[in-house]
Amino acid sequence: MADVEALKREAGVEACQFVTSGMKVGLGTGSTVKYTVIELGRRIREEGLQITGVPTSIVTENLAIECGIPLLELSDVDGLDIVIDGADEFDPDFQLIKGGGAALLREKIVAQESKIMVVVADERKKVSTLGAFPLPIEITPFSHSATVRALNRILDCRVNIRMAGDGPVFTDNSNMIADAHMGPNISDPESLEIEILKIAGVVQVGLFTNMCDAIVLAGNNGVKTILNPNGKLA
Ligand code: 5RP
């Protein structure tokens with residue numbers, strides 16, 4: 001595969017074709033969508049693009065400010081025109097695993113409020129069945145060990161609290177992340193999402209089902225946009 005960073009840049013920049021003046025744009029989190037944010041900033045400065053953004057993490061908020069993108073609180077707007085975000089895996093039904101960057105809760109809230117969701121990715125993210133990427137689950141610090149045990153029972157796989165050095169990773173919402181090592185066998189992501197959300201200590205799960213309308217995918221043969229036949233752009 002070509003230089004991965006170059007592919008990320010290609011996908012991130014290409015996705016900006018969906019953004020036009022007047023739009024309210026959800027700004028995702030990660031090393032691919034970073035290039036979308038930078039490109040939108042360039043278009044604001046050089047082409048007079050007029051948009052407002054809603055970031056999905058503190059990291060993206062800081063980048064967007066640096067790039068000169070005017071920002072809004074999601075609570076202050078009645079929905080967004082589009083969100084552009086990355087993914088850790090996507091399957092042939094456009095179902096996603098997200099949360100590798102621990103931003104899944106805000107990402108899902110923003111995606112839920114957006115008319116259209118466009119994912120930016122490179123070929124490494126394409127899978128036939130979700131689950132090789134450990135499934136991120138945001139959980140409350142309160143009784144986190146009990147929540148991990150409850151997840152173990154229903155998922156029947158190893159579940160680890162995500163660590164950064166000696167301590168746990170804390171999300172922008174002061175929660176923790178449990179990573180479930182399911183293996184590539186999530187054949188029914190919708191049912192699994194519902195099952196996991198039944199556990200009281202679970203705040204959100206990184207399964208994004210029936211949300212993605214298009215994937216801007218960069219690979220060795222260039223960048224292409226794949227529309228979800230069941231999505232809002234088809
Ligand atoms: C963050 C995410 C990211 O979008 C996902 O991890 C993909 O990131 P990258 O483009 O860096 O591979 O879900 O919570």
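All of these numbers come straight from a predicted model, not from anything done at the bench. Along the sequence shown, the residues carry numbers beginning at 1.
Not one N or O on the side chain of T56 forms a donor-acceptor pair closer than 3.5 Å with the backbone of E107. The closest donor-acceptor contact from the side chain of T209 to the backbone of P189 lies at 3.5 Å or more, if one exists at all. T147 places a side-chain N or O within donor-acceptor distance of the main-chain N or O of S143, the cut-off being under 3.5 Å. Under the 3.5 Å distance criterion, the side-chain polar atoms of E89 are matched with a main-chain donor or acceptor of G131. At least one donor-acceptor pair closer than 3.5 Å links the side chain of D88 to the backbone N or O of G100. At least one donor-acceptor pair under 3.5 Å links the side chain of D91 to the backbone N or O of D93.
By the side-chain hydrogen bond (donor to acceptor under 3.5 Å, both in side chains) test, T32 pairs with no residue at all, sequence neighbours left out. Annotation: side-chain contact (heavy atoms from CB on, under 4.5 Å) contacts of P136 (sequence neighbours excluded): I97, L104, F133, R162, I177, D179. For E73, the side-chain contact (heavy atoms from CB on, under 4.5 Å) criterion is met by D76, not counting sequence neighbours. Partners of K126 under the side-chain hydrogen bond (donor to acceptor under 3.5 Å, both in side chains) rule, at least two apart in sequence or in another chain, do not exist in this structure. Under the rule for a side-chain contact (heavy atoms from CB on, under 4.5 Å), the partners of L197 that lie at least two apart in sequence or sit in another chain are E193, V202, Q204, V205. Taking R45 as the reference, nothing meets the side-chain hydrogen bond (donor to acceptor under 3.5 Å, both in side chains) condition, with sequence neighbours excluded. Residues satisfying the side-chain contact (heavy atoms from CB on, under 4.5 Å) criterion with A64, sequence neighbours excluded, are L27, V37, I69, L71. Every residue meeting the side-chain hydrogen bond (donor to acceptor under 3.5 Å, both in side chains) condition with Q95, not counting sequence neighbours, appears here in chain and number order: N210.
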Next on the checklist: As a quick check of understanding, evaluate salt bridge (Lys or Arg N to Asp or Glu O under 4.0 Å) for R42 and E47, giving each step before the final call.
Outcome noted: CA-CA 8 Å; R42 187 198 66 75; E47 298 172 9; 3.0 Å; yes
Item to check | Evaluation steps, salt bridge (Lys or Arg N to Asp or Glu O under 4.0 Å), between D122 and K8 | outcome: CA-CA 6 Å; D122 60 75; K8 288 181 183 189; 5.4 Å; no
Checklist entry - Which is it for K198 and I196 under the side chain to side chain contact (heavy atoms under 4.5 Å, CB included) test, yes or no, and what are the steps along the way? => result CA-CA 5 Å; K198 280 183 190 162; I196 292 174; over 6 Å; no
Using atom types as modelled, flag every donor-acceptor pair under 3.5 Å from a side chain in residues 112-120 to any protein atom, sequence neighbours excluded.
unit_1: S114; atom_1: OG; unit_2: V110; atom_2: O; d: 2.7
unit_1: K115; atom_1: NZ; unit_2: D81; atom_2: OD1; d: 3.3

With a cut-off of 3.5 Å and sequence neighbours excluded, list every side-chain donor-acceptor pair involving residues 149-159.
unit_1: N152; atom_1: ND2; unit_2: C157; atom_2: O; d: 2.7
unit_1: R158; atom_1: NH2; unit_2: H181; atom_2: ND1; d: 3.4

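The salt bridge (Lys or Arg N to Asp or Glu O under 4.0 Å) analysis of residues 52-69, with sequence neighbours excluded, yields no pairs. Here side chain to side chain donor-acceptor pair (under 3.5 Å) pairs that include residues 224-234, with residues two or more places apart or in two chains, are Q17-T225, D213-K232.
Judged by the 6.0 Å and 45° rule, K125 forms no cation-pi pair with F90.
Donor-acceptor pairing under 3.5 Å is recorded for the side chains of Y35 and E5. Side chain to side chain, T129 and S187 fail the donor-acceptor criterion of an N or O pair below 3.5 Å.
In F142, the CZ atom is not crowded: 12 or fewer heavy atoms of neighbouring residues, nucleotides or ligands sit closer than 6.0 Å.
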